Amino acid sequence: MISIIFSLIFIFLDIFLFKLYFKIIFGNKESLNESLKYSITPDFYSLIKGKYMKDKISEFKLFMFIGLIIITIILEVIMVNQIQIFFQNL
């Protein structure tokens, strides 16, 4: 039961945390759309158009955003499990 309560708390906090990640990394929706566009554009095509570095930076931003979300969720699962173990041992 306690794990459900903490999971719900973390889900609620994640909404604000993920919005913060978004604002820090992208700033606006246009930057996200650009990152998504460059993530599906072949690197060779970007190189020919002279936008290779912009492509790499945009892909890195998207990778960091997704990576931060995954790391946050993994850490929260670990914390919920540790909290559950702590309350079971009381």
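Keep in mind it's a predicted model, so treat the numbers as computed, not measured.
Note that CD1 of I2 is 14.0 Å distant from CD1 of I85, once rounded to the nearest 0.5 Å. Of the inter-residue distances, the one linking N28 atom CG with F22 atom CZ reads 6.5 Å to the nearest 0.5 angstrom. The CD1 atom of I24 sits 10.5 Å away from atom CE of M64, with the distance rounded to the nearest 0.5 Å. Rounded to the nearest 0.5 angstrom, I78 CD1 and N81 CG are separated by 8.0 Å. Atom CG of L17 is separated from atom CZ of F10 by 11.0 Å, given to the nearest 0.5 angstrom. Interatomic distance, CG of L20 versus CG of L13, reported as 12.0 Å (0.5 Å rounding).
Residue S3 comes nearest to Q84 through the heavy atom pair CB-OE1, 3.9 Å, listed as atom of the first residue, atom of the second, then distance. Closest non-hydrogen pair, D43 versus K56, comes out as OD2-NZ, 3.0 Å. Between P42 and D55, the shortest heavy-atom distance links the atoms O-OD2, 4.2 Å. Nearest heavy atom pair, residue S35 against residue S58, reads OG-O, 3.1 Å.
Applying the salt bridge (Lys or Arg N to Asp or Glu O under 4.0 Å) test to residues at least two apart or on different chains, none of the pairs has a partner in residues 10-29.
F65 and I57 are members of different hydrophobic clusters when ILVMFWY side chains are connected at heavy-atom separations under 4.5 Å. Tracing side-chain contacts under 4.5 Å through hydrophobic residues (I, L, V, M, F, W, Y), one never reaches I40 starting from Y45; they form parts of separate clusters. Under a hydrophobic clustering in which Ile, Leu, Val, Met, Phe, Trp and Tyr are joined whenever their side-chain heavy atoms come within less than 4.5 Å, directly or via other members, F6 and V77 fall into different clusters. I11 and I69 sit in two unconnected hydrophobic clusters of ILVMFWY residues. Membership requires side-chain heavy atoms under 4.5 Å apart, directly or through other members. When hydrophobic clusters are built by joining Ile, Leu, Val, Met, Phe, Trp and Tyr residues whose side-chain heavy atoms come closer than 4.5 Å, directly or via intermediates, F63 is grouped together with I74.
Taking 4.5 Å as the limit, some side-chain heavy atom of L62 sits within range of a side-chain heavy atom of L32. At least one side-chain heavy atom of F87 sits less than 4.5 Å from a side-chain heavy atom of I83. Annotation: side chain of F18 is in contact with side chain of I73 (closest heavy-atom distance under 4.5 Å). In this structure the side chain of K61 never reaches within 4.5 angstrom of the side chain of E34, judged on heavy atoms. Contact annotation: the side chain of K51 approaches that of Y38 to within less than 4.5 Å [non-hydrogen atoms, C-beta and beyond].
The other residues sharing a hydrophobic cluster with I71 are L75, where clustering joins ILVMFWY side chains under 4.5 Å apart. The hydrophobic cluster containing Y52, built from Ile/Leu/Val/Met/Phe/Trp/Tyr side-chain heavy atoms closer than 4.5 Å, also comprises L47, M53.
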